[in-house]
Structures are given as C-alpha cells and as structure tokens.
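Computed from heavy atoms alone, side chains included, the values below leave out hydrogens, waters and symmetry copies.
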Amino acid sequence: MSADLVFGIHAVGALLQRAPQDVLELFVMKDRDDKRMQPLIQQARQNGVSVQFCNRKTMDDMVGGQHQGIIAKARLQSSGSEADLAAIVEQQEKPFILILDGVTDPHNLGAILRSADAAGVHAVVSPKDRSVKLTSVVRKVACGAAESVPFITVTNLARTLRELQDAGVWVVGTAGETDTSIYQADFKGPLALVLGAEGEGLRRLTRETCDSLVKIPMFGTVSSLNVSVAAGICLFEAVRQRQ
C-alpha cells in the first residue's frame, strides 16, 4: 500500500471520516482559519494525526494550486480486483455496476465517481491498461466519492463482462449506432452499464460482448457528449426506473 497526497476539503474530509487510520499527516495553510477547516483539523488530532501548518507556496509546490488549503498524506487502498467485484455482485439482490471502457481523463473519472456515488452504484469497473488510475486529481474532483464507491480494475474487460452475465447481470453498452434510446431500455434488474472512452466509444470486443446497446437521443448539432455527462444521464435514468 503506497502513500499519496489527497487534497481539497471534500476529499480530505471524506478520507478522515471513512479511513482516519490511513491518514499519515495533515498539511494546512497558515492563516486559513475558516469554519470548514477547523473540524478537519480537530478530527485529525483526535485520531493522532500530525498537523503541519505551511505557507501557500509550500502547498502549491506539493500539488499545484487546487488544494483549497488542505492536503493529507495518506496510505491509499489499492483498487479492488475481479474477486472483489464477484463478492459485491453476490451480496446485492439487484447489482448496479458502472463499467468504463478506457476512460483516460482524471477529471472525467472524478466526475463519474461523484455521479456513481449519488446514483447508488455498487461498483465502478475499469480495465487496468490504457485507463486512468485513482490519482490525487481524481480524488479531488470526486469530492469524497473515490473513498465511498468501490473502484475495481480488471485485466480482461470482455471476460469480466461474461462473468457478470453468468451471474445474471444484464450488460448494456452505450453506442451511437443503435436505434434504442436509454428511455426505451429496461434498467430495472441486475444491471451493468458500459460507457466507452472519450471520443472513441466502446471497443469492438466490448460492444460485441454486451447484451444490448442503447444511446442518449441527441437533437443538437454536436455528435457526442462528454463521457462524465453521458454517465450521469444514463445512471439517473436507471435510478428513475429502479425506484
């Protein structure tokens, strides 16, 4: 388990709340004495975490300028495995899984994790190769969701899709070339939604392995949506149907 820097008020707050034992050290900007910071400093000290007060330049040099005045050095859990995904699916009566086929932008992954957390997704799955990992930028953008939604990386995505199908999960891919819209599809049962990479969409083998394909209807002049926006739209149509 390696150490990394987690920064931003929401991300650090989520880490202190869910896994304070993994926080090794807290860095707080001098003269940053606002109401949101004090509870985090207090929580860190109650858990025996050393708190260092630094100037802005020191903190900017650590992570750039997006830290909001607080940085945690923390032991970060590694991503989950195929076995963890199988256990999650087995525990849920109606599994709700989001699968990302090669998302490479950390801001997109952070935004997707945030939507997945809000939608009640049980796990987010991504291939190990050619995909963004859980970086500190992802955690910052996710505003705490990276600590709450299981993030699973798998070696062979097509094999994982087949294993989900064998477990009774309906695998639905998003692709512009289908005639079925997300509003016509049935998302009520055990479900794995599959979204493709930025710009490229689903890879051929991934598309062929899906049980069905759906699209978001588009009425304007642009041909596609940002993958994090598309994920939010698809997830909350599933939420609407599943309630």
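The closest side-chain heavy-atom distance from Val125 to Leu100 is not below 4.5 Å. Side-chain contact between Glu147 and Gln17 is absent, with no heavy atoms from C-beta onward closer than 4.5 Å. No side-chain heavy atom of Gln52 sits under 4.5 Å from any side-chain heavy atom of Val28. Within the 4.5 Å cutoff, no side-chain heavy atoms of Met29 are placed close to those of Met37. Looking at Asn156 and Thr160, their side chains never come closer than 4.5 Å, going by heavy atoms from C-beta outward. Between Val124 and Ile97 there is no side-chain heavy-atom pair separated by less than 4.5 Å. A heavy-atom distance below 4.5 Å is not found between the side chains of Lys215 and Thr180. Looking at Val103 and Ser126, their side chains never come closer than 4.5 Å, going by heavy atoms from C-beta outward.
Of all heavy-atom pairs between Leu202 and Gly173, the closest is CD1-CA, 3.9 Å. The minimum heavy-atom distance between Ala74 and Leu15, with the atom names listed, is CB-CD2, 3.5 Å. Residues Leu134 and Ala146 come closest through the heavy atom pair CD2-CB, 4.3 Å. Annotation for Phe7 and Ala11: closest pair O-CB, 3.5 Å, computed over non-hydrogen atoms. Annotation for Ala111 and Val141: closest pair N-CG1, 3.6 Å, computed over non-hydrogen atoms. The minimum heavy-atom distance linking Leu40 with Gly13 is given by the pair CD2-CA, 3.6 Å.
Applying the salt bridge (Lys or Arg N to Asp or Glu O under 4.0 Å) test to every pair with at least one member in residues 106-122, sequence neighbours left out, gives no pairs at all. Here salt bridge (Lys or Arg N to Asp or Glu O under 4.0 Å) pairs that include residues 161-180, with residues two or more places apart or in two chains, are Glu177-Arg207. Judged as a salt bridge (Lys or Arg N to Asp or Glu O under 4.0 Å), the pairs with a partner in residues 56-73 (not counting sequence neighbours) are, in order, Lys57-Asp61. A side-chain hydrogen bond (donor to acceptor under 3.5 Å, both in side chains) check over residues 232-243, counting only residues at least two apart or in different chains, returns the pairs Glu237-Arg240, Glu237-Gln241.
Between the CG atom in Leu205 and the CG atom in Leu157 there is a gap of 8.5 Å [rounded to 0.5 Å]. Atom-to-atom distance recorded for Lys133:NZ and Asp4:CG is 14.0 Å, nearest 0.5 angstrom. Here His10 contributes atom NE2 and Ile70 contributes atom CD1; the two are 12.0 Å apart, rounded to the nearest 0.5 Å. Between the CG atom of Leu164 and the CD atom of Glu82 there is a distance of 10.5 Å, given to the nearest 0.5 Å. Atom NE2 of residue His67 and atom CZ of residue Phe27 lie 12.5 Å apart, to the nearest 0.5 angstrom. Interatomic distance, Phe151 CZ to Leu98 CG, rounded to the nearest 0.5 Å: 10.0 Å.
In terms of the side-chain contact (heavy atoms from CB on, under 4.5 Å) criterion, residue partners of Lys128 (sequence neighbours excluded) are, by chain and number, Thr153, Thr155. Remark: Asn47 pairs with no residue by the side chain to side chain donor-acceptor pair (under 3.5 Å) rule, at least two apart or across chains. Residues that satisfy the side-chain contact (heavy atoms from CB on, under 4.5 Å) test with Ala44, not counting sequence neighbours, are Leu16, Leu26, Val49, Val51. Residues forming a salt bridge (Lys or Arg N to Asp or Glu O under 4.0 Å) with Arg203 (at least two apart in sequence, or on another chain): Asp101. Considering only residues two or more places apart in sequence or on other chains, Glu200 meets the salt bridge (Lys or Arg N to Asp or Glu O under 4.0 Å) condition with none of them. Annotation: salt bridge (Lys or Arg N to Asp or Glu O under 4.0 Å) contacts of Glu208 (sequence neighbours excluded): Arg204. Every residue two or more places apart in sequence or in another chain that forms a side chain to side chain donor-acceptor pair (under 3.5 Å) with Asp84 is listed here: Ser81.
Taken together through direct or relayed side-chain contacts under 4.5 Å among Ile, Leu, Val, Met, Phe, Trp and Tyr, Val172 and Leu213 form parts of separate hydrophobic clusters. In the hydrophobic clustering of this structure, Ile233 groups with Leu235; members are Ile, Leu, Val, Met, Phe, Trp, Tyr whose side-chain heavy atoms approach within less than 4.5 Å, directly or through other members. Phe53 and Leu24 are members of different hydrophobic clusters when ILVMFWY side chains are connected at heavy-atom separations under 4.5 Å. Residues Phe236 and Ile112 fall within the same hydrophobic cluster, defined by Ile, Leu, Val, Met, Phe, Trp and Tyr side chains chained together at heavy-atom separations under 4.5 Å. Leu161 and Val121 fall into different hydrophobic clusters, where Ile, Leu, Val, Met, Phe, Trp and Tyr are joined by side-chain heavy atoms under 4.5 Å apart, directly or via other members.
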Show me, pair by pair, the donor-acceptor contacts under 3.5 angstrom made by side chains of residues 184-197, not counting sequence neighbours?
| from | atom 1 | to | atom 2 | distance (Å) |
| --- | --- | --- | --- | --- |
| Gln184 | OE1 | Ser181 | N | 2.8 |
| Asp186 | OD1 | Lys188 | N | 3.0 |

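The backbone N or O of Ile9 sits less than 3.5 Å from a side-chain atom of Gln68, completing a donor-acceptor pair. One N or O on the side chain of His122 and one on the backbone of Phe96 form a donor-acceptor pair closer than 3.5 Å. With hydrogens and angles ignored, the 3.5 Å screen pairs a side-chain donor or acceptor of Gln165 with a backbone N or O of Thr209. Here the side chain of Thr58 pairs no donor or acceptor atom with the backbone of Cys54 at under 3.5 angstrom.
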Taking it one step at a time, do Asp105 and Val132 satisfy side chain to side chain contact (heavy atoms under 4.5 Å, CB included)?
CA-CA 6 Å; Asp105 186 294; Val132 66; over 6 Å; no
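Under the side-chain contact (heavy atoms from CB on, under 4.5 Å) test applied with Thr174, the options Val227, Val214, Leu225, Ile216 reduce to a single match, Val214.
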